[in-house]
**Q** 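Mind having a look at this structure? Questions to follow.
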Amino acid sequence: MSGTTNKQSYLDELNDIQRQAVTAIEGPVMVIAGPGSGKTRVLTYRIAHLIESGVIPWEILILTFTNKAAREMKERISKVVGEKAQRVWAGTFHSIFARMLRKDAHRIGYPNDFTIYDTDDTNSVLSEIIKQMSLDRKQYNIAAIRSRISMAKSNLITPKAYALNEDLMSYDSMNRRPMIHIIYQKYVNKCLRSGAMDFDDLLLQMFRLLYQNPDNVLERYRKSFQHVMVDEFQDTNYLQYQIIKLLVHYPGSKENVCIVGDDAQSIYSFRGATIENILQFENDFPDVRTFKLEQNYRSTHHIVQAANQVISFNEKQIKKEIWTDKDEGEKIKVVKCMTDNEEGRRVSDGIIEQKNRYNLSNSEISILYRTNAQSRVFEEHLRRQNIPYKIYGGLSFYQRKEIKDMIAYLRLSVNEKDNEALKRVINYPKRGIGKTTVDKLAEFADEHEISMYEAIPQIKLTGRANKLMSDFLLLIQSFRAKAQSMNAYELANHVYKQSGIMMLLKGDDSMEGAGRMENVTALLDGINEFINDDEIPEGEEAVVDKSIATYLQSIALITDFDKEEESEDFVTLMSAHAAKGLEFKSVFVVGMEENLFPSFMSMSDPKQIDEERRLFYVAITRAEQYLTLSYANSRYQYGNMRFNDPSRFLEEISAENVDSAMPTHNNEHSHEGFGTPKLLGNFKKLSPKTEAMLAIDPSTFKPSPNHTIKEGMKVMHLKFGEGVVKAIDGERDNKVASIHFSQLDSPERRIMLRFAKLQILDD
Ligand SMILES: Nc1ncnc2c1ncn2[C@@H]1O[C@H](COP(=O)(O)OP(=O)(O)OP(=O)(O)O)[C@@H](O)[C@H]1O
Ligand SMILES: [Mg+2]
């Protein structure tokens, strides 16, 4: 096909407005539009169009949500422009910046071969600091500190600025953690001395690199990135936006920047993503051309309707409706279950039924949940039914112990300052170096502001410890020397044998031991593949770099999505967060209960409820044709049996779009069959008083202390309206109130008093 024919045909695959956005190749462009309206498609076609119009592929930078998304885009682009598509800079913020930092990190005090610290590494550094400062581990909860530091970094707040910021400091004192700024400072120092960057650093240090090196580095990238594009812009944080601005917002810039996103799908505010960025973008680029896409190409009518209804409960959204000219489609199914176990069974039965009835393959089906811990019951039932499935977001291959051990040796071979790697293997396999010795070494290194590796020859230890340490030093030195002459695969094999790991695993003839050996073999195979992969890397002056450093970087940033998919056909299980941007013929959103979805952590804050609702909106808009929502009356949650009410989000979908006459499934345990619970019609006829009260504001609803609830009382339930307490039975925590709610179709409800939200009415 000639260029012109291609061009014609690809532009024909767009609607008018999409085509306008694709062909508006100069100046700032913004597309804020609903799910399934073709935002990602616009970006993909836009890149093809740029290249067809003569833009050099490596002058295009496109930032996506996953590396897999970037790869898929390139594949599609190559259908139009051929091989050249491979040379576009496409990837996540983290992977693109890591690649750029490899070239210039030395300018900001890091080795170019810096290590990327994962969450485990960060936790380990933080826990060392807390120990050294003799702080209370409960008070200084690692996860909380990690998120404070991450927040600070994402907002460009240095440890010094943190200490001077009254709001931050008083927030920390209020939470009885007044030392966070000191921990933060120590953490930064330790990472720097280890030549390590955590995930936030990949952004922060990129910003510093550009900002502090205007003439060489910044200028170079400004010239080289003639076109910058961002998908899922609603989930960028302040820092990410500042970097984009550095690259495209300066005097004399052509401001060729195109962002696409949907404020209604913003689901990472807990990570610092801010809708402000969308508003700020319009301010920063007053000449921006904005395109509104309203047609949804993904989902059937019922699903689009439901999505519009749900999101209309959020007030603070940029107003937009999506519509579809697709069929009505199937109504949304709501499945009520007694227990989480029943939910697992009913969903897997439902999958079998759909596969038979609609001829779906496994890969067209997904199960989405609010928390990863929910996957277990579905796994059990899918396995029992022999339905192949894949979980995204569990313990990934690279987080397994034996793999981390191997990787730690490789990391040390590249960056000897990497303290976390060193601590991991200094006594693995066991070589008699005790914990006290390692602690001493760490302290000595800290005192002298050097890495532990550098500290080994300097520290004075007893004769035996001294000998053991210098043997270890020699071992690592030999690996470092080999890293200069061997390729990544040879080095990994060498390390496997010489470190003693191979011997150790061979000596373990348990099942687990055999599994661990298989895993290391798989790792070695992976490295071999990396060596032999002949894909053209991005960038004009790209040299094929098969070094172990490049390999380590690529795996440090791997997410489950980025694994090469075998051609297997499996059902996808993942969190609603991870499903962003994806689409499936059939989607099951499970665990639709109060305290779960919306999450219990969001219950007291209307803003957070809105974020949960956006997440639910993201989840349901993944479905093309079949959408099933399920909930359980009881489930094991955090080690206890919990009784949750059905999610408020279920009520937000109008009854017209919900199937109430589904065939009952042939199972003896099901109570209402595959269908709509009565509940959905419950709120049409509330008493004027209830209505008035609910209309005022549910947040003014004041539940009474539950021990004050007595038989005969008139009460108000936030969801069920007015009721009369008929009986109370059970003891202490297990007290159950039988309440008659006159407005409900099935008025008798038994409510766990412990979790009840009831207000006593005085009349
Ligand atoms: N003009 C069109 N003609 C046919 N199909 C289209 C058109 N535009 C988009 N699509 C298809 O609709 C689906 C949704 O498009 P896309 O994924 O680009 O939407 P999106 O706006 O990025 O959605 P999300 O907000 O969920 O990321 C895709 O399968 C896409 O190929
Ligand atoms: Mg998209």
Side-chain angles (χ1 to χ4, degrees), residues 8-23 29-49 62-73 75-77 79-80 90 92 229-236 258-268 273 275 278 290-301 303-304 306-308 310-311 317-318 320-327 329 363-364 366 368 561 574 576-587 589 614-625 627:
Q8 234 32 62
S9 60
Y10 73 78
L11 289 177
D12 287 348
E13 291 164 17
L14 299 166
N15 69 29
D16 274 354
I17 308 179
Q18 289 175 335
R19 195 176 312 115
Q20 288 171 31
V22 162
T23 52
V29 166
M30 170 161 108
V31 180
I32 298 296
S37 60
K39 297 182 296 296
T40 304
R41 189 181 178 101
V42 161
L43 285 181
T44 310
Y45 281 64
R46 204 168 183 272
I47 296 170
H49 185 68
I62 159 93
L63 299 161
T64 55
F65 179 60
T66 60
N67 288 313
K68 179 167 177 250
R71 254 203 318 273
E72 284 176 2
M73 263 188 185
E75 265 163 41
R76 266 183 249 160
I77 298 165
K79 297 224 168 83
V80 181
T92 60
M229 283 172 245
V230 187
D231 197 3
E232 310 279 3
F233 184 76
Q234 75 278 359
D235 285 326
T236 50
C258 172
I259 59 147
V260 312
D262 179 6
D263 56 310
Q265 293 184 67
S266 154
I267 52 175
Y268 281 107
I275 301 189
I278 294 180
T290 305
F291 297 92
K292 269 170 101 177
L293 309 176
E294 285 174 334
Q295 181 168 2
N296 175 301
Y297 289 92
R298 179 179 293 146
S299 314
T300 56
H301 190 73
I303 297 170
V304 168
N308 278 335
V310 167
I311 204 64
Q317 302 291 169
I318 299 175
K320 56 183 140 35
E321 283 264 308
I322 45 171
W323 60 275
T324 177
D325 63 5
K326 281 200 196 291
D327 301 344
S363 61
E364 290 172 318
S366 81
L368 308 182
F561 285 107
M574 63 179 138
H577 277 102
K580 199 166 70 153
L582 305 181
E583 53 192 21
F584 300 90
K585 278 246 169 67
S586 170
V587 172
V589 186
R614 289 194 292 270
L615 183 59
F616 180 57
Y617 180 69
V618 168
I620 60 181
T621 53
R622 301 307 99 200
E624 296 171 15
Q625 296 183 8
L627 175 60

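The structure presented is a predicted model; accordingly, all values stated were derived computationally and were not measured. Start at 1 and go down the list; that is how both ligands and their atoms are numbered. Computed from heavy atoms alone, side chains included, the values below leave out hydrogens, waters and symmetry copies.
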**Q** Nearest protein heavy-atom contact for atom 23 (O) of ligand 1: which residue, which atom, what distance?
**A** G36 N, 2.9 Å
**Q** Which atoms of ligand 1 are found less than 4.0 Å from any heavy atom of N15?
**A** 1 (N)
**Q** Under 4.0 Å, heavy atoms only, figure out whether ligand 1 is touched by the backbone of L14, its side chain, both or neither.
**A** backbone
**Q** So that I can tick it off, tell me whether E72 and K68 are bridged by a salt bridge, with the cut-off set at under 4.0 angstrom between side-chain N and carboxylate O.
**A** yes
**Q** Starting from atom 22 (O) of ligand 1, find the nearest protein heavy-atom neighbour and note its residue, name and distance.
**A** T40 OG1, 2.8 Å
**Q** Side-chain contact test, heavy atoms from C-beta onward, threshold under 4.5 Å: evaluate it for E364 versus Q625 and give yes or no.
**A** no
**Q** Can you check whether T621's main-chain N or O pairs, donor with acceptor, with R298's side chain at less than 3.5 Å?
**A** yes
**Q** Only heavy atoms of G34, strictly under 4.0 Å: list the atoms of ligand 1 that pass.
**A** 21 (O)
**Q** Of all the non-hydrogen atoms in the protein, which one sits nearest to atom 25 (O) of ligand 1, and at what distance?
**A** K39 NZ, 2.6 Å
**Q** Do G38 and ligand 1 have an N or O pair less than 3.5 Å apart?
**A** yes
**Q** Just one of I47, I259, L63 clears the side-chain contact (heavy atoms from CB on, under 4.5 Å) bar with M229, so which one?
**A** I47
**Q** So, N15 side chain and I17 main chain: donor-acceptor pair closer than 3.5 Å or not?
**A** yes
**Q** Under the 3.5 angstrom rule, does the side chain of D327 hit a backbone N or O of H301 as a donor-acceptor pair?
**A** no
**Q** I need the atoms of ligand 1 closer than 4.0 Å to a non-hydrogen atom of E13, numbered in the order shown.
**A** 1 (N), 2 (C), 3 (N)
**Q** Test your reading of the model: is there a side-chain donor-acceptor pair from Q295 to the backbone of G38, 3.5 Å cut-off?
**A** no
**Q** To the nearest 0.1 Å, how far is atom 17 (O) of ligand 1 from its closest protein heavy atom, and which atom is that?
**A** R298 NH2, 3.2 Å
**Q** For E232, what residues pass the side chain to side chain contact (heavy atoms under 4.5 Å, CB included) criterion, not counting sequence neighbours?
**A** F65, Q234, K580
**Q** Among F65, Y297, Y45, which residue places a heavy atom closest to atom 11 (C) of ligand 1?
**A** Y297
**Q** Work out whether the distance between some heavy atom of T621 and some atom of ligand 1 is less than 4.0 Å.
**A** no
**Q** Looking only at non-hydrogen atoms, which of E583, R41, R622 approaches atom 14 (C) of ligand 1 most closely?
**A** E583
**Q** Does a side chain donor of either E13 or Y45 reach within less than 3.5 Å of an acceptor in the other side chain?
**A** yes
**Q** Any N/O of G581 closer than 3.5 Å to an N/O of ligand 1?
**A** no
**Q** Return the closest protein heavy atom for atom 1 (N) of ligand 1 as residue, atom name and distance.
**A** Q18 OE1, 2.8 Å
